[in-house]
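Data block below; observations after.
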There are 2 protein chains.
Amino acid sequence: MVSQNVPQATAERLPLYYRTLQSLVAVGKTRISSSEFGDLVQIDSTTIRKDFSYFGALGRKGYGYDTQYLMDFLRKTLYQDELSKVVLIGVGHLGTALLNHNFQKNNNTKIVKAYDIDPSLIGTEVSGTEVHAMDTLATDDNSDITAAILTVPAAHAQKAAEMALASGIHGFLNFSPTTLSLPATAYVRHVDMTVELQALIYFLNHSMEERNSQ
Amino acid sequence: MVSQNVPQATAERLPLYYRTLQSLVAVGKTRISSSEFGDLVQIDSTTIRKDFSYFGALGRKGYGYDTQYLMDFLRKTLYQDELSKVVLIGVGHLGTALLNHNFQKNNNTKIVKAYDIDPSLIGTEVSGTEVHAMDTLATDDNSDITAAILTVPAAHAQKAAEMALASGIHGFLNFSPTTLSLPATAYVRHVDMTVELQALIYFLNHSMEERNSQ
DNA sequence: AAATGATTGTGAAATGAGTAACAAAAATAA
DNA sequence: TTATTTTTGTTACTCATTTCACAATCATTT
Ligand SMILES: NC(=O)c1ccc[n+]([C@@H]2O[C@H](COP(=O)([O-])OP(=O)(O)OC[C@H]3O[C@@H](n4cnc5c(N)ncnc54)[C@H](O)[C@@H]3O)[C@@H](O)[C@H]2O)c1
Ligand SMILES: NC(=O)c1ccc[n+]([C@@H]2O[C@H](COP(=O)([O-])OP(=O)(O)OC[C@H]3O[C@@H](n4cnc5c(N)ncnc54)[C@H](O)[C@@H]3O)[C@@H](O)[C@H]2O)c1
């Protein structure tokens, strides 16, 4: 498989490239150069070319890249053309926002069900997604589920992740502000909005200082 | 100022360190070694020690770090002990979740007001935060505001950011799936949940392949 | 008070990512 | 057809970050 040598940093940019190509195809743009594409996503054109080169020669010299071809290639690379099913655990404020958002529109990805412990939520539908009881999670067969989105309070995130793992889920997108300790068979990505906001404020404070002192 | 030589990667870990120290202090732990702390946040202990070393000698050899002291130090470094005011633009599903969450509890950070274009929202309070009309944003004086959280639809993010910039806001936490083009005086952080989910699925697919082929 | 053990702080080495430079190739123009 | 322009793919280089290795230092035990 080609993809074994793809650097982590490159792999993390692919979804952005894919989404940007979708927009380009949608507005009827059939070709684009690495520099124009780079301007669009605010990444150096050399980085773009290098990223694509890990997958072979996707462009044509003197011409650029065919948007439709590149988009199709990335779709296959990212999803292997299969629908990825995910579950959401914790139907609170953030969980409800995510259910409403629905990732399916542009990606081969769907939240197929949700879990919560709140009896008043269990059995209801939130934005068309059924809410199941947390009790059933560990014993359910979720081996066809790619990933779980964790939007439970921090104190319950570890336990919830373990239950999901027991049901056959190996991927986790953790929105709660806590680190998960899971066996190496699991893969966790952590989206920490609080940290993002704090980091933003830190950089603002310190870049201002630099300007003042110069 | 010491902080001029702090690498970006280090600066981005500080908020996580700070929050973890808060938990440790809360449960009464008074000292911790870099390796125990590293286990907790899942970062190599050498990286932890090196990160702290950019700020001078914060620990004691043969002993470790004093949690209270380190926490206080990081609070001052991160916030300079001033309350950071932020605004939120776009009181929809995600915006409402963020307003409800309220970052103030653990950080010196507060969402002081919100903006939206929806007439049915303008003038109301959402989770205790007043919603202002978008019309007034560009002409408001927001020079005391550190950052704007952008939770408007992608098509409106650029315009909203420009208006906020005009009102004196220079920091942006952009949740919409689009790249912002702003002058160098602005600092933007992009939280793209769709990209996170796609990247997660990509890594799952490809690490599985590797396992199968080995 | 001396010996032992723990743990930091830090140069040096290794890894990884981003950037620059440019030959090769294809497209386009003359 | 030939010349010129465009733009890729890639090699070499630079920069940033992580990891290694270990002396220096402090805490703790005897
Ligand atoms: N709301 C935000 O904007 C925001 C921002 C950043 C981080 N977060 C984090 O996301 C997580 C959820 O935030 P929220 O604002 O949606 O909280 P919330 O309290 O609104 O929702 C939590 C939901 O999880 C359910 N729950 C509680 N314990 C559970 C368990 N053991 N198993 C299954 N479900 C359980 C609750 O019934 C509730 O529906 C928290 O960890 C929070 O820190 C939220
Ligand atoms: N909801 C999610 O979980 C989620 C997840 C990932 C990304 N996002 C992104 O976050 C953004 C908001 O998502 P959402 O689900 O909250 O959408 P939403 O439609 O629920 O809310 C959007 C809000 O913005 C307001 N708005 C629209 N145009 C505006 C303008 N020009 N100026 C000011 N306010 C304006 C609307 O009145 C509405 O209140 C979108 O860009 C979305 O792609 C959302």
Side-chain angles (χ1 to χ4, degrees), chain A residues 2-17 21 24 29-71 73-74 77 199 202-203 206-207 210, chain B residues 2-17 21 24 29-71 73-74 77 179 190 199 202-203 206:
Chain A
V2 178
S3 52
Q4 272 170 348
N5 310 320
V6 177
Q8 168 118 353
T10 295
E12 297 195 337
R13 283 189 288 266
L14 298 182
L16 173 61
Y17 295 159
L21 285 164
L24 289 171
K29 197 161 172 64
T30 57
R31 61 183 267 195
I32 195 164
S33 70
S34 62
S35 52
E36 193 183 350
F37 195 71
D39 288 346
L40 219 55
V41 295
Q42 289 175 21
I43 291 172
D44 191 273
S45 65
T46 312
T47 305
I48 305 254
R49 290 203 298 283
K50 190 152 218 199
D51 282 347
F52 290 153
S53 78
Y54 292 111
F55 300 96
L58 299 178
R60 284 151 65 196
K61 299 189 179 187
Y63 176 92
Y65 297 89
D66 182 285
T67 53
Q68 180 74 51
Y69 176 81
L70 197 54
M71 185 187 97
F73 179 86
L74 286 180
T77 306
Y202 175 86
F203 284 115
H206 289 264
S207 66
E210 264 168 51
Chain B
V2 180
S3 51
Q4 271 172 349
N5 311 320
V6 176
Q8 166 120 352
T10 296
E12 298 198 334
R13 282 188 290 265
L14 298 181
L16 173 62
Y17 294 161
L21 285 164
L24 290 170
K29 195 160 174 67
T30 58
R31 60 181 269 194
I32 194 162
S33 69
S34 63
S35 52
E36 193 182 351
F37 194 71
D39 289 347
L40 219 55
V41 296
Q42 291 176 20
I43 291 173
D44 191 89
S45 66
T46 312
T47 304
I48 305 252
R49 291 202 299 282
K50 190 141 241 192
D51 281 347
F52 290 154
S53 79
Y54 292 111
F55 300 95
L58 299 178
R60 283 150 65 197
K61 299 188 179 189
Y63 177 90
Y65 297 88
D66 182 286
T67 53
Q68 180 75 51
Y69 175 81
L70 197 54
M71 186 187 95
F73 179 86
L74 286 181
T77 305
T179 311
H190 193 189
Y202 176 84
F203 283 115
H206 289 264

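So that the names make sense, note that chain A is the first sequence line, chain B the second, and so on, each numbered from 1.
Between B/R13 atom CZ and D/dT17 atom C1' the separation is 8 Å, expressed in whole Å. Between the CG atom of B/N5 and the C1' atom of D/dA16 there is a distance of 14 Å, given to the nearest Å. Atom CD1 in A/I48 sits about 14 Å away from atom C1' in D/dT7, given to the nearest Å. As a whole-Å value, the separation of B/I32 CD1 from C/dT7 C1' is 13 Å. Rounded to an integer number of Å, the gap from CD of A/E36 to C1' of D/dT7 is 13 Å. The separation between A/Q8 atom CD and C/dT15 atom P is 17 Å, rounded to whole Å. As a whole-Å value, the separation of B/K61 NZ from D/dT25 C1' is 5 Å. Rounded to an integer number of Å, the gap from A/L70 CG to D/dT7 P is 16 Å.
A cation-pi arrangement is not found for A/R31 relative to A/Y65, the charged atom failing to lie both closer than 6.0 Å to the ring centre and inside a 45° cone about the ring normal.
Closest of all the heavy-atom pairs between B/T77 and B/F55 is CG2-CE2, 3.8 Å. Minimum heavy-atom separation, B/Y54 to B/V6: CB-CG2, 4.2 Å. Here the closest heavy-atom approach between residue B/A199 and residue A/P15 is recorded as N-CG, 3.9 Å.
Here the nucleotide nearest the side chain of B/S53, chosen from D/dA21, D/dT8, C/dG9, is C/dG9. If you check C/dA27, D/dT8, C/dG18 against the side chain of A/S33, the one that comes closest is D/dT8. Listed nucleotides: C/dT8, D/dT11, C/dA17. Nearest to the side chain of A/P7: C/dA17. When distances are taken from the side chain of B/Y54 to each of D/dA27, D/dT7, D/dT18, the shortest belongs to D/dT18. Nearest nucleotide to the side chain of B/K50, out of D/dT18, C/dG9, C/dA27: D/dT18. Comparing C/dG18, C/dG9, C/dA27 by their nearest atom to the side chain of A/T47 picks out C/dG18. Out of D/dT19, C/dA17, D/dT8, the shortest distance to the side chain of A/R49 is found at D/dT8.
Taking 4.0 angstrom as the limit, A/R60 places none of its side-chain polar atoms (N or O) nearer than this to OP1 or OP2 of C/dA25.
Comparing B/Y65 and A/Y63 against DNA chain C, the residue whose closest nucleotide sits nearer the 5' end is B/Y65. Nearest-nucleotide positions on DNA chain D for A/G62 and A/L58 put A/G62 closer to the 5' end. Residues A/R31 and B/T46 both approach DNA chain D. Their nearest nucleotides, taken by heavy-atom distance, put A/R31 toward the 5′ side.
When heavy atoms are screened at a 4.0 angstrom cut-off, A/S34 is found touching the sugar-phosphate backbone but no base atom. Using a 4.0 Å heavy-atom distance criterion, B/S45 is classed as making no nucleic acid contact.
The shortest distance between side-chain heavy atoms of A/R13 and A/I43 falls below 4.5 Å.
Checked by atom type and distance alone, the side chain of B/S45 never pairs as donor or acceptor with a backbone atom of B/S34 at under 3.5 Å.
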